[in-house]
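Report on the structure given below.
We count ligands from 1, going down the list as the structure has it; atoms in each ligand are counted the same way.
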Amino acid sequence: MRPSLLDPLFVPITSFTGIGPKIATLIARALGRESAEETRAVDLVLLPPHRVIDRRNRPGVAHAVENAIVTLELRVDRHQPAPRGKRNIPYRVLAHDETGDIALTFFHARQNWLEKALPVGETVLVSGRVEWFNGRASMVHPDHMALEKDADDFPVIEPVYPLTAGLSPKLLRRAVDGAVASLPALPEWLDGTLLRRQGFPDFAQAIERIHDPRDGADIEINAPARRRLAYDELLAGQLSLALVRQRVRKLRGNPVRGNGSLRSKLQAALPFRLTGSQEKAISEILTDMESPERMLRLLQGDVGSGKTAVALFAMVACAEAGGQAVLMAPTEILAQQHFTTINALAEKAGLRVELLTGRMKGKERAAALSRIESGDAKLIVGTHALFQENVSYHDLLLAVVDEQHRFGVHQRLRLTAKGSAPHMLVMTATPIPRTLVLAAFGDMDVSRLTEKPAGRQPIKTVTIELERIGDIVHRLRDAVSNGRKAYWICPLVEESELSELMSAEQRHAYLAAEFGSLVDVVHGRMSGVEKDRAMQDFKSGKTRILVATTVIEVGVDVPDASIMVIEHAERFGLAQLHQLRGRVGRGDEASSCILLYKAPLSETARARLSIMRESEDGFRIAEEDLRLRGEGEVLGTRQSGTPGFRLVDLEAHRDLLETARDDARYILNQDGELATERGHALRLLLYIWRRDEAIRLLQAG
Ligand code: ADP
Ligand code: MG
């Protein structure tokens with residue numbers, strides 16, 4: 001149970017004045033929370049402003065620079081309401097200081113309100129942007145206005161928070177202020193020496209400093225307050241991961257010892273030779289699983305490096321030992337695909353593979369569940385349906401999670417916490433840099449596939465302006481008539497899934513005019529069966545061009561597809577481009593990737609595309625990605641931080657991450673149950689950062 005000390009931080013934001021359910025929903029969206037109810041005061045407290053407005057500049061009317069934000073001390077001369085019935089003429093309030101005259105301009109104004117706010121003959125403070133027109137100064141809708149007697153409340157340095165459309169900055173700021181004001185006094189959870197060495201303020205001071213900055217420097221990424229809070233966030237993450245790990249280690253492992261019989265059959269059935277790094281990874285995994293400690297291992301390998309085969313060997317070892325193994329994929333398409341490939345190989349080794357997805361219903365589902373429960377099903381492939389309440393396993397020895405970046409940390413925790421304590425293998429195609437591995441997984445053993453399977457051809461990558469789409473269609477016609485296959489990826493549309501799908505359908509129609517029934521489309525709104533059929537037709541060669549939204553991003557395997565067109569490539573992140581490109585170049589044919597972009601390119605987009613042209617090395621691309629993202633751009637707004645984090649920016653806070661990891665390790669060595677005074681304070685930290693799932697593990701253990 002959450003300590004009641006934290007209650008003020010966990011009131012729903014709707015309890016603040018002015019925040020109704022509608023606005024709460026907007027705020028929830030801006031903060032990436034699931035729902036309005038799930039959005040609590042603490043979320044606002046931990047929302048960093050991304051810039052400040054400095055209202056200290058008081059030049060006087062005559063010296064105000066066009067478009068600069070200034071604060072003016074004015075004497076109000078006269079109100080000039082719009083003529084009756086003419087709503088499009090603004091309401092003007094004329095005022096002056098000793099340097100000159102200015103008109104304060106309001107559209108759709110309420111007269112009584114303005115007469116109270118700006119009484120004739122009084123001195124007032126206003127702040128906003130000054131515009132000049134024909135030598136006359138005006139300020140349209142000042143950001144702030146106050147009577148002289150209320151000047152103390154006038155904002156001087158004003159924090160600005162990232163917004164979602166439809167949410168007014170004033171409302172958000174008011175809600176944040178309310179939340180910050182309700183912050184209870186909390187004990188320090190950080191080590192005193194660390195605080196001094198780093199020059200960190202305490203939690204309350206840090207929160208106050210970022211929401212009430214003295215100037216822009218206070219909210220910079222490396223300001224002490226920001227670093228303190230980033231450290232808290234990192235420590236909460238590392239501590240919860242370390243708790244999971246501690247718990248996993250405590251549960252009795254299930255040593256998996258096979259006799260090699262199925263393994264050699266599988267080896268014989270493979271249509272290719274394993275690469276050296278596949279062999280190495282398999283042996284690391286088998287060694288881990290033989291030991292009495294539970295395995296917690298990450299298998300990292302670039303797209304196409306052959307992770308599935310590695311997983312299959314691990315799974316077969318479990319079957320050999322008489323137990324079960326599951327492989328969990330993030331989407332139905334992928335589960336289906338894994339099932340098909342794994343089943344084909346496993347059959348040769350005399351094994352059946354069971355499929356379980358959310359799509360299966362009725363008798364079919366019941367039959368699969370009962371084979372899983374009885375232990376008849378040894379190798380099981382599926383989606384997250386594999387870990388729903390109603391699925392019970394006979395003797396689950398291994399859980400393999402594919403393409404982890406689609407699963408949240410919490411899902412992973414739940415999986416690990418599942419009673420049967422299977423060994424865990426997490427596979428990722430994103431060649432995550434070391435720092436990110438540490439941040440996302442804590443101390444985890446890692447196997448890496450560093451070689452590509454033999455016979456792979458390099459992929460030729462070119463960038464072409466979207467205007468030349470006609471040339472591309474022309475070239476595709478030649479390619480298709482030579483029997484080649486192409487993916488055509490439609491642009492990422494941030495605003496809505498619906499427009500993404502419309503763009504896919506439009507592109508499909510456009511290409512169909514040229515290619516007829518040789519082109520097909522697959523997108524997220526299609527039913528599972530429709531998607532399967534589209535994938536199947538493309539695989540079999542019935543269709544030759546597959547238009548797709550990013551649903552195909554992860555893991556799809558059509559070895560003879562050799563052309564990848566990505567439309568509006570400038571909208572995609574580097575990691576995503578690399579993933580998409582990895583869908584081709586899997587067969588022995590030379591492949592190409594065409595990045596269609598819309599000019600003009602931003603600085604960062606240009607850098608991304610040129611890295612794509614230069615390199616196929618997933619690790620290099622991932623490092624560059626992190627670097628570029630750190631600099632952030634997206635429509636000119638500085639997007640700070642690292643995805644998945646609120647205050648942490650891994651580029652800037654790399655040093656803190658290492659310290660947090662060591663700190664977490666040290667804490668649990670000294671105080672494994674978080675039972676000391678500092679331990680209790682650290683529990684508060686975990687609640688504040690919504691890592692309390694880890695605390696439940698403590699209590700269960
Ligand atoms: P990923 O690591 O992206 O999940 P997959 O496991 O889907 O890669 O493998 C990509 C393709 O490479 C598959 O068609 C697979 O059969 C093939 N493959 C895997 N290992 C080898 C190998 N050692 N030699 C040749 N082809 C391989
Ligand atoms: Mg894969």
[X] neighbourhood, listing ligand 1 atoms whose heavy-atom distance to it stays under 4.0 Å:
X: Lys307; value: 1 (P), 2 (O), 3 (O), 4 (O), 6 (O), 8 (O)
X: Thr308; value: 4 (O), 5 (P), 6 (O), 7 (O)
X: Thr275; value: 23 (N)
X: Arg273; value: 22 (C), 23 (N), 24 (N)
X: Leu274; value: 23 (N)
X: Pro453; value: 21 (C), 22 (C), 24 (N), 25 (C), 26 (N), 27 (C)

Handout entry: Test side-chain hydrogen bond (donor to acceptor under 3.5 Å, both in side chains) applied to Arg613 and Thr461, step by step
Key = CA-CA 5 Å; Arg613 271 197 315 261; Thr461 300; over 6 Å; no

Exercise for the section: Could you establish whether Gly301 and ligand 1 come within less than 4.0 Å of each other, counting only heavy atoms on the residue side? Expected result: no

Problem - Heavy-atom gap His338 to ligand 1 smaller than 4.0 Å - result: no

Handout entry: Any side-chain donor near an acceptor of the partner, Glu505 and His523, under 3.5 Å
Key = yes

Problem - Modelled atom types, side-chain donor and acceptor of His423 and Asn254, under 3.5 Å - result: no

Completion exercise
All heavy atoms of Gly585 vs all of Ser591, minimum pair found to be N-OG, 3.1 Å

Fill in the blank from the handout: Quick look: Gln337 vs ligand 1, heavy-atom contacts under 4.0 Å, and the answer is neither

Practice task
Have a look at ligand 1 and work out which part of Gln278, if any, has a heavy atom under 4.0 Å from it: side chain, backbone, both or neither.
Solution key: side chain

Exercise for the section: For a side chain to side chain contact (heavy atoms under 4.5 Å, CB included) with Lys539, tell me which candidate from Asp560, Thr340, Val558 qualifies. Expected result: Val558

Practice task
May I ask you to check whether Ala454 has an N/O atom sitting below 3.5 Å from an N/O atom of ligand 1?
Solution key: no

Practice task
Evaluate side-chain hydrogen bond (donor to acceptor under 3.5 Å, both in side chains) for His568 paired with Glu570, printing each intermediate quantity in order.
Solution key: CA-CA 5 Å; His568 276 293; Glu570 79 282 358; 2.7 Å; yes

Practice task
Flag the pair Lys531 and Glu332 as a salt bridge only when some basic side-chain nitrogen lies within less than 4.0 angstrom of an acidic carboxylate oxygen.
Solution key: no

Exercise for the section: Identify, with sequence neighbours excluded, every residue that meets salt bridge (Lys or Arg N to Asp or Glu O under 4.0 Å) alongside Lys348. Expected result: none

